[in-house]
Amino acid sequence: MTSPGARVGQDADELDVEEALALVKDHRRSAGPGRGRDDAAARTPAPGTGLAAHTARSEPGGPHEATPWPGARATAERAARSLPRRAPVSVPLDAALGLVTAAPLTALTDLPSFDTSAMDGWAVAGPGPWDVREEGVLAGHAKPEPLTDGEAVRIATGARVPREATAVLRSEHGHIDDKGRLHAALPEAPGAGRPGGTPTVVHGQDIRPRGQECRSGDLLLPAGALVTPAVLGLAAAAGYDTLAVVPRARVEVLVLGDELLTKGLPQEGLIRDALGPMLPPWLRALGADVVAVRRLGDDAKALHKAITGSGADLIVTTGGTAAGPVDHVHPTLSRIGARLLVDGVEVRPGHPMLLARTKENQHLVGLPGNPLAAVSGLLTLAEPLLRVLAGRAAPEPYRLPVRDGVHGHPYDTRLIPVTLHGDQAVPLRYNGPAMLRGIAAADALAVVPPGGAHPGQELELLDLPWTFTGVGT
Ligand SMILES: Nc1nc2c(c(=O)[nH]1)N[C@H]1C(S)=C(S)[C@@H](COP(=O)(O)OP(=O)(O)OC[C@H]3O[C@@H](n4cnc5c(N)ncnc54)[C@H](O)[C@@H]3O)O[C@H]1N2
Ligand code: MOO
């Protein structure tokens, strides 16, 4: 068991000040007015598991427990699985990128759909030498006349091979004599560096026969495949203009806080809204369709109206999750009779995050206002929920050794931004709950167990959605 003040592999002096203060203060697990865990319970976590020390909080509806981090993710997944399956939609190819196929992709045509030349050269009929026809054959042009035995015609890669052609001779393997007849070049004698032997043209060489890749009706990909750029290419080649996909979940973002500016420099106690610009593209990368971003200030009435009037599959709120005087999320959820599925998570940053069922087919993820805490809530609750709604498979969990020691929270999991160098994860500084400087430079978030990690310890990593797929899906 690690004592609350313990640090692994790093002096307290080296810690970011905000982070160090947060962890020292946190060891008593006070979670805000009316939300403190009693100290006796706080001092007896289960060694090393991070799963045992639930935080009792007194809420208007009575005391309840914070959810361990892995359990919170599982609950978010389950919440999405419990919903009725949404009907597939048919979308143009370019709108399908990043979505998941809702039906098997079967070939609508043979591929290739006609016998085609694999090379630039001559289509030839029978053994050479050949008389060369005047007019050549180009890709996409009219159907060529059939060849007769002993005849050749200039042909481009991708052009239709004339009927009765027996092979294609590459341009570099043939030459035309002064009488205009085509001869196959002699193959190079082995090791001699000069031509030798008899010129041979193998029947069917460099012709791609119709149906070589697939026949019409062949299964190309099963339902449930992620639509990648390569899948878009295959679908187009196989004759598709639209794809049947699992629809994007409709998400509405409600940004709370009177202190937020949407442009210019922070001034007079007002700060720039960092979440309004950050969340929509992030949610889209997670497979969502962000239908609205609304800035509501700290207005309980407006929040109530926005939640009850929303037809989205998921509402994401930012800020107002704690128990401060203008933190309206809990009271509003309680007022509308929402069911809290997760109310606080044993994770830092982001412990006040929550997940609620607001209507039969609607959930709400409450992200804390501190920007890195909001990222933590996004990856802990919104990612699993949206992944299941999008029909995407869970990523294979992976672990890498961490280069430097990471101090831990005594009871809670920590998520810290890291860069990946070779086979190591390198923790980044500026990982305090209010900071985005670390995550903006990060490749992933490392999952630090309660008590921390020593240098070389393998940690689970959560990829950021753009690490492998780029931005803009
Ligand atoms: N007495 C206690 N107070 C707080 C505790 C605690 O345990 N006891 N926990 C702190 C933690 S941890 C977090 S996280 C926050 C969560 O609070 P809220 O979700 O209610 O968020 P706000 O109070 O509205 O804002 C917190 C912080 O973040 C800034 N903020 C809010 N929205 C944005 C935005 N869109 N862009 C940039 N920054 C934003 C806001 O100005 C505050 O500075 O509660 C702590 N309090
Ligand atoms: O530690 Mo809070 O949950 O900033 O994020």
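Keep in mind that the numbers below use all heavy atoms, side chains included, and drop hydrogens, waters and symmetry copies. Order of listing sets the numbers, starting from 1, for every ligand and every atom in it.
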Of [options], which meets side chain to side chain contact (heavy atoms under 4.5 Å, CB included) against [X]?
| X | options | result |
| --- | --- | --- |
| Leu221 | Thr106, Thr101, Val231 | Val231 |
| Thr317 | Leu367, Val365, Leu254 | Leu254 |
| Arg295 | Val255, Val253, Leu260, Thr318 | Val255 |

Just to be sure I'm reading this right: ignoring hydrogens, which of [options] gets closest to [atom]? Compare them by their nearest heavy atoms.
| atom | options | answer |
| --- | --- | --- |
| atom 9 (N) of ligand 1 | His351, Arg348, His330 | His351 |
| atom 44 (O) of ligand 1 | Ala323, Ala322, Gly369 | Ala322 |
| atom 13 (C) of ligand 1 | Leu372, Asn370, Leu354 | Asn370 |

**Prompt:** Charged N to carboxylate O below 4.0 Å: is that the case for Arg73 and Glu383?
**Reply:**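 Result for this pair is yes, salt bridge flagged.
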Side-chain ([X]) to main-chain ([Y]) donor-acceptor, under 3.5 angstrom:
| X | Y | result |
| --- | --- | --- |
| Asp218 | Arg215 | yes |
| Gln424 | His421 | no |
| Ser310 | Ile307 | no |
| Asp120 | Thr157 | yes |

**Asked** Would you say Arg250 has more than 12 foreign heavy atoms packed within less than 6.0 Å of its CZ?
**Response**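 Incorrect, the count does not exceed 12.
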**Request:** Count the heavy atoms belonging to other residues, nucleotides or ligands that lie under 6.0 Å from CZ of Arg335, then report whether that count exceeds 12.
**Result:**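 For Arg335, atom CZ is not crowded (no more than 12 foreign heavy atoms under 6.0 Å).
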Just jot down the ligand 1 atoms closer than 4.0 angstrom to any heavy atom of [X], in number order.
| X | value |
| --- | --- |
| Ala373 | 14 (S) |
| Glu259 | 31 (C), 40 (C), 41 (O) |
| Ile271 | 37 (C), 38 (N), 39 (C), 41 (O) |
| Ala274 | 34 (C), 36 (N), 37 (C) |
| Asp273 | 34 (C), 35 (N), 36 (N) |

Distance filter under 4.0 Å to [X] heavy atoms, resulting ligand 2 atoms:
| X | result |
| --- | --- |
| Pro352 | 3 (O) |
| Pro433 | 1 (O), 4 (O), 5 (O) |
| Ala373 | 4 (O), 5 (O) |

**Heteroatom proximity flag, Pro368 to ligand 1, N/O under 3.5 Å** =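 N/O-N/O distance under 3.5 Å: no.
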**Asked** Looking only at N/O atoms, are Gly320 and ligand 1 under 3.5 Å apart anywhere?
**Response**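 It does: an N or O of Gly320 is found under 3.5 Å from an N or O of ligand 1.
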**Request:** Verify whether one side chain among Arg357 and His363 offers a donor that lies under 3.5 Å from an acceptor in the other.
**Result:**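 Per modelled atom types, Arg357 and His363 side chains form a pair under 3.5 Å.
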**Request:** State which residue, out of Asp412, Thr413, Thr380, fulfils the side chain to side chain donor-acceptor pair (under 3.5 Å) condition with Trp69.
**Result:**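 Of the listed residues Asp412, Thr413, Thr380, the side chain to side chain donor-acceptor pair (under 3.5 Å) partner of Trp69 is Thr380.
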Does ligand 1 have a heavy atom under 4.0 Å from the side chain of [X], from its backbone, from both, or from neither?
| X | answer |
| --- | --- |
| Arg272 | backbone |
| Leu260 | side chain |
| Asp327 | side chain |

**Prompt:** Under 3.5 Å between some N or O of ligand 2 and some N or O of Gly350?
**Reply:**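 Among all N and O atoms of Gly350, at least one is under 3.5 Å from an N or O of ligand 2.
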**Message:** Between ligand 2 and Asn370, is the shortest N or O to N or O distance under 3.5 Å?
**Reply:**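 Indeed, backbone or side chain, Asn370 has an N or O that close.
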**Message:** Just to check, does Pro368 reach to within less than 4.0 Å of ligand 2 when the distance is taken from its heavy atoms?
**Reply:**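 No; Pro368 lies far enough from ligand 2 that no heavy-atom distance drops under 4.0 Å.
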